[in-house]
Amino acid sequence: MYRPAHAASTLSLMAALLLALGGCASGGHAQLRSPDGELAPCASRGCVSSRAGESSYAVRPIAYEGSRDAARAALLRLLAEMPGAEVVTHSDDYIHARFTSTLLRNVDDLELDLPAFERVVHVRSSSRRDYFDFSANRDRVEDLRARFEALQP
C-alpha cells in the first residue's frame, strides 16, 4: 500500500542527509605544494601520494618515455577529458587540477610534479576535507595512470 506521507518523509530525510554530507565535505582549502616545489605530505584519509612513506597513502609515480614536454602535454589532454576536472595551473614541471564531484560537489586536488631529470611524474591527489572518500583519489590516480600508459610507446 502506497503512503504519500511516508514517501515524502523519506525523501525529505534523504535530501537533508545529502545536503548535510555535501556541506560537511565540500569546500575547504587546498593544501598544495610548497614554494620550494615539494608536494605536501598526506595527512587525511582522502589522500594519496607517490612521495608518501606510509603505505596507506602510497601510490607509484607515473613513469613515461620520451620528453617531459610530451608527457606534460599528454597529461593535460587526458585531464581535459576526465569528468569534473579543471586544470587550475600548469608550468614546465607542475600541473594542478581540481575535481568537483557531480552529486555532492566535493572538491579534490590533483597535483602532478614533473622533475627535470627523472622520467616519472610524482602525483598527489587529496580531498579538501578530511572525510572518507571511498577511494576516489586513489581510483582517480590509477585511472589517469592507465590512460597515460595506454598512450606510451
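Quick caveat, the model's predicted, so the values are computed rather than measured.
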List, by chain and then residue number, the residues other than F117 in its hydrophobic cluster (Ile/Leu/Val/Met/Phe/Trp/Tyr, side-chain heavy atoms under 4.5 Å); write none if there are no others.
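F117 shares its hydrophobic cluster with no other residue.
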Look at the side-chain heavy atoms of Ile, Leu, Val, Met, Phe, Trp and Tyr, link any pair under 4.5 Å apart, and say whether [X] and [Y] land in one connected group.
{"X": "F99", "Y": "L78", "result": "yes"}
{"X": "L39", "Y": "V48", "result": "no"}
{"X": "V141", "Y": "V120", "result": "no"}
{"X": "L151", "Y": "V87", "result": "yes"}

Where do [X] and [Y] come nearest, in terms of heavy atoms and distance?
{"X": "P41", "Y": "R124", "result": "O-NH2, 3.4 Å"}
{"X": "A85", "Y": "L79", "result": "CB-O, 3.3 Å"}
{"X": "R33", "Y": "G37", "result": "CD-O, 3.8 Å"}

Side-chain polar contacts of residues 55-62 - donor-acceptor pairs under 3.5 angstrom, sequence neighbours left out - could you list them?
| residue | atom | partner | partner atom | Å |
| --- | --- | --- | --- | --- |
| S56 | OG | E54 | OE2 | 3.0 |

For [X] and [Y], test the side chains for any donor-to-acceptor distance below 3.5 angstrom and give the result as yes or no.
{"X": "E111", "Y": "Y94", "result": "yes"}
{"X": "H122", "Y": "S50", "result": "yes"}
{"X": "S126", "Y": "D109", "result": "no"}

Test your reading of the model: is there a side-chain donor-acceptor pair from S135 to the backbone of D139, 3.5 Å cut-off?
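Absent.
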Flag, side chain of D93 to backbone of P115, donor-acceptor distance under 3.5 Å
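Not a single qualifying donor-acceptor pair exists.
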Any salt bridge linking D143 with R138? Criterion: basic side-chain nitrogen under 4.0 Å from a carboxylate oxygen.
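No, this pair does not count.
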Is the shortest side-chain N to carboxylate O distance from R128 to D108 below 4.0 Å?
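Judged by the 4.0 Å cut-off on N to carboxylate O distance, R128 and D108 do not form a salt bridge.
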Just verifying a value: how many Å separate [X] [atom1] and [Y] [atom2], rounded to the nearest 0.5 Å?
{"X": "D113", "Y": "S49", "atom1": "CG", "atom2": "OG", "answer": "9.5 Å"}
{"X": "L144", "Y": "L110", "atom1": "CG", "atom2": "CG", "answer": "6.5 Å"}
{"X": "H90", "Y": "H96", "atom1": "NE2", "atom2": "NE2", "answer": "13.0 Å"}

List the steps and the verdict of side-chain contact (heavy atoms from CB on, under 4.5 Å) for E86 and T100.
CA-CA 8 Å; E86 173 192 358; T100 305; 5.8 Å; no
Do S127 and N137 pass the side-chain contact (heavy atoms from CB on, under 4.5 Å) test, and can you show the C-alpha distance, the side-chain angles, and the key distance before you say yes or no?
CA-CA 7 Å; S127 303; N137 285 290; 3.0 Å; yes
Expected list for residues 68-77: side-chain donor-acceptor pairs under 3.5 angstrom, two or more places apart:
| residue | atom | partner | partner atom | Å |
| --- | --- | --- | --- | --- |
| R68 | NH1 | L114 | O | 2.9 |
| D69 | OD1 | R72 | NH1 | 3.2 |
| D69 | OD1 | R72 | NH2 | 3.1 |
| R72 | NH1 | D92 | O | 2.9 |

